[in-house]
Structure formats: structure tokens, C-alpha cells
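First the structure, in the form of C-alpha cells, and then the observations on it.
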Protein chains: 2
Amino acid sequence: MLGQTETLWPASPVDDGDQQHFCSTCVFGNLCMPNGYSKDALRELHCLVEHVGPFRTGTEIFRSGGEFTAVYSVRAGVVKTVVRDDRGREQILGFHTPGELVGLNAVYGDRYPCNAVAVDTVMVCRFSFPAIATLSAKIPDLQHTLFKLMAKDIGTAQMGKGDFSAEERFAAFLVNWCERLAERGYSDRRISLPMPRGDIANHLNLAPETVSRVIRRLIDEGVLAVDRRDVEVLNKSALRSYAASLLQRA
Amino acid sequence: MLGQTETLWPASPVDDGDQQHFCSTCVFGNLCMPNGYSKDALRELHCLVEHVGPFRTGTEIFRSGGEFTAVYSVRAGVVKTVVRDDRGREQILGFHTPGELVGLNAVYGDRYPCNAVAVDTVMVCRFSFPAIATLSAKIPDLQHTLFKLMAKDIGTAQMGKGDFSAEERFAAFLVNWCERLAERGYSDRRISLPMPRGDIANHLNLAPETVSRVIRRLIDEGVLAVDRRDVEVLNKSALRSYAASLLQRA
DNA sequence: CGACTGTTTGAAGACGATCAACCCCTGTGG
DNA sequence: CCACAGGGGTTGATCGTCTTCAAACAGTCG
């Protein structure tokens, strides 16, 4: 199990030297195609990218109602997107790991529909959306990538729909989190959940107490080992079986 | 209130003669920009559109797992999109009225992620997606429209997230339904809900019995008059106040 | 008329929310 | 070094809403 004092995993992906296998090490993040772009395309993309940050925990990268000008690629840290209703209750739409693009849902309308808030210390790259849209007309691969990223966001948002138990929700969240981190070169067994329990609960439409109880059950069953916000998946297949009904939708 | 035998509203939008104010009367549906396209663009769009139908209740326009080749614009009737999990339980992602585009969520991946099923008798227009993507690189307005439509779908899917009561869910659904029909020239007070109660319940993550009870309460409060699948909104502001917390998310 | 589906209504039960208390860790100041 | 305050997290007891189960009802189509 986990000791209290040992550091379990590195805070950033393992350095591959000059090789860059993962898009998280590229300023474009998921804006990269699997096969990359031509040199010309890359040069043009580089012209319009802008490094921003760091943002400290709780600070806003953009704000709901603010003029939509750009999308952001997460370079480091975790970003959450949040909507607030008139009575101040907030709903966390999602968490975004390095490489992922934030702000695409603002393309409809000329204002951001949600807040983007730093969960921990965050670095981002800013892409002017008008510029990227114009560029995508010239670079079919880029247009295709944008279409795919937006369609993926539709699918992600739709996956939340459905009547699922607390266990299913949390397990699916954890499995999905592991997979996304694994794509970036992190361990898929030992992961960090940098956001507070209440944020996880909010995102899953559960009470913080319920999340706590679910975690307890999973620990008691030997599925997880948990030390504060660090999680080790001990029985991946068991976790997957909990998440199955939510993830395996044909 | 409603009599049993009278026909409350026309089955299709009022004919304006030669004027075509609404996109539902145009084969392109929401693929139309507010200001329309140039003649050249229209001609090219016309080349790749394909009329399909009619589909009878319960028949599939496309099927989950099928090769993704095209998106569909609803011309007449209502289409529902459905995902089925491994145990046969199904989840209705959404209902689509005339003018709306179905299948954009398939752009990610090369297979449809859901079934599209006719709720009543449905006519659609088929657009080859590769063709439309290619065309959109030449027509900036079309690209922009596609981006916006996809972003809107993200927003629609995200709106479902949150912890809402049965009343809030149903009221928000009904208000949204009215607004979408109103955009198409239908009455915004007297509407038809052509899908069975069970489908509404499924979409809202409620039991059919719960939907039935919510409707009963709204009738008793004088907010609605209901005759089978025809609904008249008697107190729009009351209905909106129920839906407020779900719709008014800044 | 009778089988069928879809809808409504009632009663009992389950799951998660809420309320309340406690714990653990951190940081701060004496 | 210890005391204390504070936030985040955990645990237990109770409550409420929606689900489930069961039955009756309505409209439709053969």
C-alpha cells in the first residue's frame, strides 16, 4: 500500500530527451494531428500561439460572459470549466489535463458560456480563434482536427447523460482520468487527482460525502489505495467492471 | 381547456407563400447561415444534398457502429438519437426537430456513436460529410456554421449536467422544445410532443411514472393543458420559473 | 369485442442528500 | 516547541425524492 511520506510518481511526464512522443510536450496539444502537420502549417500555427501563465489555484483563465476571442491548450496543471447559475450554485462541466483544448464550446455565441479556472498551477497556450479558423480553411488537416475535437467534446458531454449509480460515476471518472493521463505519458495506475473531493462530487452530481463513501468501499474491496489526492489503482479490471455500463456504450 | 376532438394546430408551419423565412422550409436546415450564402455556394451545396425518406416510426436513419459517411438535416418529423449499452438499456441523447442537424457527434471516430431513429414519420436530407468538409474549406461561412453547430451541440449536451428536480427537468425540456418549434414558425403555446412519455422520461433520466406525476401537478396548477401528446402552455412565466435554474445558467 | 401498448395512479422501497460531529493535516503565532 | 484555528475530508444518522412494483385505465388496431 501507500506510505505517507514517499513520493509516488513524477509531477510531469518522463523526459524522452529530444524525442517528443506526446502532444502534451508540444505547445499545440491536441491541436496536433496524429501525423503532425507540414512545416508550413507548423510555422503558421507557431505565429499565432501565445504562452500564458502561470495561473495559481482558483484563478480564472477566462470568465463566463467574457468576449470569446481564443481557445486554450493546457500545457501544465489541470483546468476546470464551471457554470454558475443565478443563485451562485456552480456546476463543474469538466476537468482538462495537459494537451486538452478548453473553450471550444464558446464558438457558439460570442461570449464564453463558462468559467475556466486553474485547479492547481496552470500553464496554457492561447490561440486566437478567428486566426485559427482562418488558418483551418487553408490547412485541411487543421480543420479536420478542429471538427474532431469539437465532436469529441459533444461525445464527452453526452456520456454524462444517463442514470448511473455513485459507484459507476466515480469509477468511470477515474478510468477515464487514467486513460487521459496515460495518453500523456503518465502512469495509468498511480495518478493524482489534484482537485478537492467536493469538485469531483460536483462534477459527478454527487454529494462530497457520497464520493468519500464510494472511495472507502473501493479501498475496502482492494480496488484502490488512496493517500489524500494520490490514487493507486490496484485492481484495474474490477474498476473497469464498475465503470463498464457508463463507458461501454456501443 | 382542450376539447377532445378539435385539432389544435397545423401539422406543419404556416405557408408564407413564396417567402421562406424559416430554415425548416429550406433543405439545408440549420446549415443555412442567418444571411444565407452566395449563389455559387448554394449551387455547390445543392449538388451534394440528397433527399431521403420517409422513415416510419421506429425505423433507423443511421445505426450505432455504422460507417460514418453523412450528416442529416431533419426536414419533417422528429428524430431521436439513442445509445444502447451492452445490456440493452437505452439512453436517449436528444430529440431533433425540422431544421436541426443530426450526426455531427460522429465526426469524432469513423463510426456513428448512436442510433438515429424516427419518432414519427420523418423526412431528412443527407449530406456527405467528406464533401461538406471539403466544401467548407472553400466557403468560410459554411465552415463557420459547422463550427457553430457543433459548439451548440456541446452546449446542449452540457446543459443536461447538474442536479435538478423532476419539475425542473421537465419544465426546461418543455420550454426548450417550445422555443425550438417557435423558431420554425410553429406556435410557441400549443405544441405537440410526438414521442411517448417513456421516451421523454428516458431522456430526462426519470421514470415514466415520475413524468406523468409532474405533468399532473402542472395541470393541477393551471400551467398546462394536456390532451395525450398535445400540450398547451397556459402559464408560460410559471413554466419558465420552474425551468429557470436549468436554463438561466450564466 | 379483445389483445396490445401506452399512460396513469397508488403504495412501498432504495439511493443519495442533508445534517451534524469528528478527524487529519497545515499553517500560524505565541 | 506547542497551541490554536481553519479547511478539507471522513463517518454516522436521518430525511426526502425518485424509483420500483403493482394494478387499473384508455385508446388503437386487429
Side-chain angles (χ1 to χ4, degrees), chain A residues 2-7 56-58 80 89-92 119-120 160-173 192-220 224-231 242 245-246, chain B residues 2-5 7 56-58 80 89-92 119-121 160-173 192-220 224-231 242 245-246:
Chain A
L2 300 185
Q4 297 278 0
T5 55
E6 59 182 323
T7 298
R56 303 231 163 271
T57 300
K80 64 177 175 181
R89 292 181 308 183
E90 64 176 35
Q91 171 67 38
I92 296 175
V119 169
D120 47 8
K161 299 210 174 193
D163 185 26
F164 299 108
S165 70
E167 268 85 0
E168 287 172 321
R169 284 171 202 269
F170 181 78
F173 170 73
S192 167
L193 293 173
M195 67 294 287
R197 296 279 192 273
D199 278 8
I200 299 176
N202 179 304
H203 179 231
L204 301 176
N205 292 327
L206 297 170
E209 295 93 329
T210 304
V211 169
S212 186
R213 281 183 250 268
V214 168
I215 292 175
R216 168 120 310 281
R217 265 170 261 160
L218 291 174
I219 292 172
D220 291 346
L224 298 181
V226 177
D227 173 27
R228 314 180 117 282
R229 296 185 181 177
D230 295 330
V231 178
Y242 276 118
S245 58
L246 214 160
Chain B
L2 301 184
Q4 297 278 0
T5 54
T7 298
R56 303 229 163 273
T57 300
K80 64 177 175 182
R89 292 181 309 181
E90 63 177 35
Q91 171 67 39
I92 297 175
V119 169
D120 47 8
T121 300
K161 300 211 173 193
D163 185 25
F164 300 107
S165 70
E167 268 86 0
E168 286 172 321
R169 283 171 203 269
F170 181 78
F173 170 73
S192 167
L193 293 173
M195 68 295 287
R197 296 278 192 272
D199 278 7
I200 299 176
N202 180 304
H203 179 231
L204 301 177
N205 293 325
L206 297 170
E209 295 92 328
T210 304
V211 170
S212 186
R213 282 183 250 266
V214 168
I215 292 175
R216 168 121 310 283
R217 265 170 262 160
L218 291 174
I219 293 172
D220 291 346
L224 298 180
V226 177
D227 173 27
R228 313 182 110 286
R229 296 185 182 179
D230 296 330
V231 178
Y242 276 117
S245 58
L246 216 160

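Here is the naming used below: chain letters follow the sequence lines, and residue numbers restart at 1 for every chain.
- Counting to the nearest Å, the P atom of dT7(C) and the CZ atom of F170(B) are 12 Å from each other.
- In this structure, D120(A) has no salt bridge (charged side-chain N to carboxylate O under 4.0 Å, His left out) partners at least two apart in sequence or on a different chain.
- In this structure, OG on S212(B) lies 10.0 Å from CZ on R217(B), to the nearest 0.5 angstrom.
- Judged purely by atom type and a 3.5 angstrom limit, R56(B) has no side-chain atom pairing as donor or acceptor with the backbone of T121(B).
- Here R229(B) reaches the OP1 or OP2 of dT7(C): one of its side-chain N or O atoms lies under 4.0 Å away.
- Fit an axis to the five pairs at each end of the helix from dC1(C)-dG30(D) to dG30(C)-dC1(D) and the two axes sit 20° apart, to the nearest 10 degrees.
- A close approach under 4.0 Å does occur between a side-chain nitrogen or oxygen of R197(B) and OP1 or OP2 of dT8(C).
- Formation of a donor-acceptor pair under 3.5 Å by the D230(B) side chain with backbone atoms of L193(B) is not found in this model.
- Counting heavy atoms from C-beta outward, D163(B) and Q91(A) have side chains that stay 4.5 Å or more apart.
- Looking at K161(B) and I92(A), their side chains never come closer than 4.5 Å, going by heavy atoms from C-beta outward.
- The nearest whole Å value for the distance from the CD1 atom in I215(A) to the P atom in dG8(D) is 16 Å.
- Rounded to whole Å, the distance from CE on M195(A) to P on dG9(D) is 11 Å.
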Scan nucleotides 9-22 of chain C nucleotide by nucleotide, 5' to 3', and note B when protein non-hydrogen atoms come under 4.0 Å of the base, S if they reach only the sugar-phosphate, - if neither.
BBB----SSBBB--
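- For the pair R169(A) (side chain) and F164(A) (backbone), a donor-acceptor distance under 3.5 Å is present.
- Rounded to an integer number of Å, the gap from R228(A) CZ to dG8(D) C1' is 8 Å.
- One atom, CG of L193(B), and another, C1' of dG6(C), lie 15 Å apart when rounded to the nearest Å.
- Between E168(B) and Y242(B), every side-chain heavy-atom pair lies at or beyond the 4.5 Å cut-off.
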